[in-house]
Amino acid sequence: MSERLAIDGGRPVRERFLIFGSPDIREPEIQEVVETLRGGWPGTGPRVARFEEAFKSYIGCRHAVALNSCTAGLHLSMIALGVRPGDEVITTPLTFVATVNSIVHVGARPVFADVDRRTMNIDPRAVAERLSGSTRAVVPVHFAGRPCDMTAIEALVRPRGIRILEDAAHAVEASHRGRKVGAIGDCTAFSFYVNKNMITVEGGMVTTDSDEIASWVKVAGLHGMSKDAWKRFGDEGYRHYSVHFPGFKYNMMDMQAAIGLHQLARVEEGWRRRREIWGRYRSAFAELPLFLPDEPEPDDRHAYHLFVLLADLDHLATDRDGILSALQAENIGTGVHYTAVHLHPYYRETYGFARGDFPNAEFISDRTLSIPFSTKLTDADVEDVIAAVRKVFLAYAR
């Protein structure tokens with residue numbers, strides 16, 4: 001007989017709520033932020049430049065430009081790659097809306113290609129079906145940290161002159177067949193949002209091997225001013241700035257970079273810890289009525305950003321939202337990654353998308369739930385997550 005669920009009046013697995021995606025912030029970054037504040041200039045300055053250099057070195061690319069969000073990076077990259085009103089941009093419907101919103105912001109039309117149900121990444125075969133004479137770019141999203149099949153995507157689009165913008169919001173540590181994510185596409189946007197593998201609380205980065213793209217993104221991200229405009233308040237003497245075009249306010253601050261410098265220094269340590277938790281979860285949940293994420297391809301490196309479960313609705317007496325509610329009652333935070341973008345009201349009403357258009361993305365969207373997977377988790381926290389997931393799925397099993 002299964003244990004009584006907390007949602008039905010039973011005792012919860014935990015007394016204190018375990019926040020989903022709570023960041024692992026330690027003393028070195030706290031002290032770096034304090035020093036930044038005491039230094040008299042917490043805005044864009046030398047720490048941002050140091051962070052860009054360190055990140056560029058980690059990725060192995062020619063340029064890294066720090067911005068205030070991954071969304072800003074996607075937006076500027078779209079423009080830099082020549083995406084204009086009337087163009088089509090192919091991407092996945094299984095992503096956060098920022099990916100697709102960025103396409104809309106430049107006046108282009110989002111074209112969805114369905115995902116592979118096993119990897120949850122955009123399916124190159126579906127991309128091939130969506131290519132047209134109006135396709136300007138493809139935006140593969142490395143979902144949950146699993147790298148897309150970039151070899152297949154490149155083979156499809158490079159001969160046609162179509163640009164590649166990688167959405168690597170989940171994939172700082174990922175690589176595909178020995179090539180680092182961030183050094184494959186024409187440019188790549190990363191996220192350092194508060195629940196990511198490494199954070200600056202809010203923030204992002206664009207990487208590229210193109211001098212022209214990097215220069216444009218840097219200038220465009222700070223009002224269109226000359227790229228060293230932040231130095232005008234330094235001790236090298238006043239510098240007049242010049243505005244080359246009406247840009248955006250997308251720059252990263254030194255206060256954010258102060259956190260990022262130490263987060264980046266621990267990124268491999270964090271990757272090893274999440275890989276360990278990944279293995280413990282897969283072993284503990286193997287016999288439950290759910291679908292586990294596949295292991296990465298042999299030649300790929302998974303970034304292990306999210307641990308996503310798919311509820312096996314054919315063998316459960318509730319739906320996905322029922323599972324979410326029950327886990328919340330056990331004091332385990334959860335996430336949903338994602339409601340497929342084409343099902344959101346704006347995209348349905350504006351572009352005529354409907355349920356049934358992308359069946360694999362919808363299958364995942366209806367069943368997906370993410371469980372705590374941060375390096376902040378103690379071994380006791382991990383055991384609580386395991387206990388709660390087992391308790392809930394066994395209670396609803398049929």
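Just so you know, residue 1 is the first one in the sequence shown, and it goes up from there. Note that this is a predicted model, so its numbers are computed, not measured.
- The minimum heavy-atom distance between Val206 and Gly73, with the atom names listed, is CG2-CA, 3.4 Å.
- Checked by atom type and distance alone, the side chain of Thr44 pairs as donor or acceptor with a backbone atom of Met252 at under 3.5 Å.
- Separation of atoms CZ (Phe285) and CD1 (Ile386) is listed at 5.5 Å; rounding is to 0.5 Å.
- One N or O on the side chain of Ser365 and one on the backbone of Ala340 form a donor-acceptor pair closer than 3.5 Å.
- At least one donor-acceptor pair closer than 3.5 Å links the side chain of Gln256 to the backbone N or O of Glu202.
- Residues forming a side chain to side chain contact (heavy atoms under 4.5 Å, CB included) with Glu287 (at least two apart in sequence, or on another chain): none.
- Heavy atoms of other residues, nucleotides or ligands lying less than 6.0 angstrom from CD1 of Ile19 number 12 at most.
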Just do the side-chain contact (heavy atoms from CB on, under 4.5 Å) check on Val111 and Thr135 with the steps written out, would you? CA-CA 9 Å; Val111 175; Thr135 305; over 6 Å; no

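- Salt-bridge annotation for Arg280 and Glu383: present, with a side-chain N of the basic residue lying under 4.0 Å from a carboxylate O of the acidic one.
- Using cut-offs of 30° and 60° for the angle between ring planes, the Phe307 and Trp278 rings count as perpendicular.
- Atoms CG and OH, on Leu292 and Tyr281 in that order, are 12.0 Å from each other to the nearest 0.5 Å.
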Salt bridge (charged side-chain N to carboxylate O under 4.0 Å, His left out), that's the test. Do Lys56 and Glu53 meet it? Break it down for me. CA-CA 5 Å; Lys56 176 176 71 175; Glu53 286 298 314; 3.1 Å; yes

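- Ring geometry for Tyr250 versus Phe248: interplanar angle under 30°, hence parallel rather than tilted (30 to 60°).
- Side-chain contact between Ile184 and Ile164 is absent, with no heavy atoms from C-beta onward closer than 4.5 Å.
- Salt-bridge annotation for Arg274 and Asp24: absent, with no side-chain N of the basic residue lying under 4.0 Å from a carboxylate O of the acidic one.
- You'll find the side chain of Phe143 stays beyond 4.5 Å of the side chain of Thr95, heavy atoms only.
- Residues Val336 and Arg320 meet the side-chain proximity criterion, which asks for heavy atoms closer than 4.5 Å.
- Below 30°, between 30° and 60°, or above 60°: for Phe353 and Phe112 the angle between ring planes is between 30° and 60°, a tilted geometry.
- Dense packing is recorded around CD of Glu27, with more than 12 heavy atoms of other residues, nucleotides or ligands lying under 6.0 Å away.
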Carefully, step by step, assess Arg179 and Glu166 under the rule salt bridge (charged side-chain N to carboxylate O under 4.0 Å, His left out). CA-CA 13 Å; Arg179 294 188 294 165; Glu166 295 177 82; over 6 Å; no

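- Arg367 is listed as a side-chain neighbour of Leu313, based on a closest heavy-atom distance under 4.5 Å.
- Between His170 and His337, the angle of the ring planes goes over 60°, which puts this pair in the perpendicular group of the 30/60° scheme.
- Heavy-atom neighbours of Tyr193 OH from other residues, nucleotides or ligands within 6.0 Å: at or below the threshold of 12.
- A side-chain donor-acceptor contact under 3.5 Å links Thr350 to the backbone of Tyr346.
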Chi angles and distances behind the side-chain contact (heavy atoms from CB on, under 4.5 Å) call for Val48, Met253: CA-CA 7 Å; Val48 170; Met253 301 184 299; 5.7 Å; no

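- Side chain of His75 to main chain of Ser102: no donor-acceptor pair is present (N/O by atom type, distance under 3.5 Å, no hydrogens or angles).
- Annotation for Arg398: atom CZ counts as buried by contact number, over 12 foreign heavy atoms lying within 6.0 Å.
- The residues Arg273 and Asp379 are annotated as salt-bridged, a charged nitrogen and a carboxylate oxygen being separated by less than 4.0 angstrom.
- Arg109 places none of its side-chain heavy atoms less than 4.5 Å from the side chain of Asp87.
- Side-chain contact between Leu316 and Phe393 is present, with at least one heavy-atom pair separated by less than 4.5 Å.
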Residue pair Tyr58, Val172: steps toward the side-chain contact (heavy atoms from CB on, under 4.5 Å) verdict: CA-CA 9 Å; Tyr58 177 73; Val172 167; 3.9 Å; yes

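- Listed for the Glu88 side chain is no donor-acceptor partner under 3.5 Å among the backbone atoms of Ser134.
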Walk me through it: do Asn101 and Tyr347 pass the test side-chain hydrogen bond (donor to acceptor under 3.5 Å, both in side chains)? CA-CA 10 Å; Asn101 289 351; Tyr347 287 96; 2.7 Å; yes

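- When atom types are taken as modelled, the side chain of Thr208 and the backbone of Asp186 share a donor-acceptor pair closer than 3.5 angstrom.
- A donor-acceptor contact shorter than 3.5 Å links the side chain of Arg84 to the backbone of Ile79.
- Although no hydrogens or angles enter the test, the distance criterion places no donor-acceptor pair under 3.5 Å between the side chain of Asp384 and the main chain of Asp381.
- By the 6.0 Å and 45° rule, Arg117 stacks over the aromatic ring of Phe363.
- Between Tyr304 and Phe373, the two ring planes are perpendicular [angle over 60°; tilted spans 30° to 60°].
- Here Glu297 pairs with Arg118 in a salt bridge; the nearest charged N to carboxylate O distance falls below 4.0 Å.
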As a quick check of understanding, evaluate salt bridge (charged side-chain N to carboxylate O under 4.0 Å, His left out) for Arg355 and Asp366, giving each step before the final call. CA-CA 11 Å; Arg355 181 169 281 277; Asp366 292 343; 3.1 Å; yes

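- Taking the side chain as every heavy atom from C-beta outward, Arg266 and Glu29 approach each other to under 4.5 Å.
- A donor-acceptor pair under 3.5 Å links the side-chain atoms of Arg146 to the main chain of Asp294, judged by distance alone.
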Stepwise side-chain hydrogen bond (donor to acceptor under 3.5 Å, both in side chains) check, Glu173 with His305: CA-CA 9 Å; Glu173 308 96 327; His305 172 54; over 6 Å; no

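- No more than 12 heavy atoms of other residues, nucleotides or ligands shown are found within 6.0 angstrom of CZ on Phe96.
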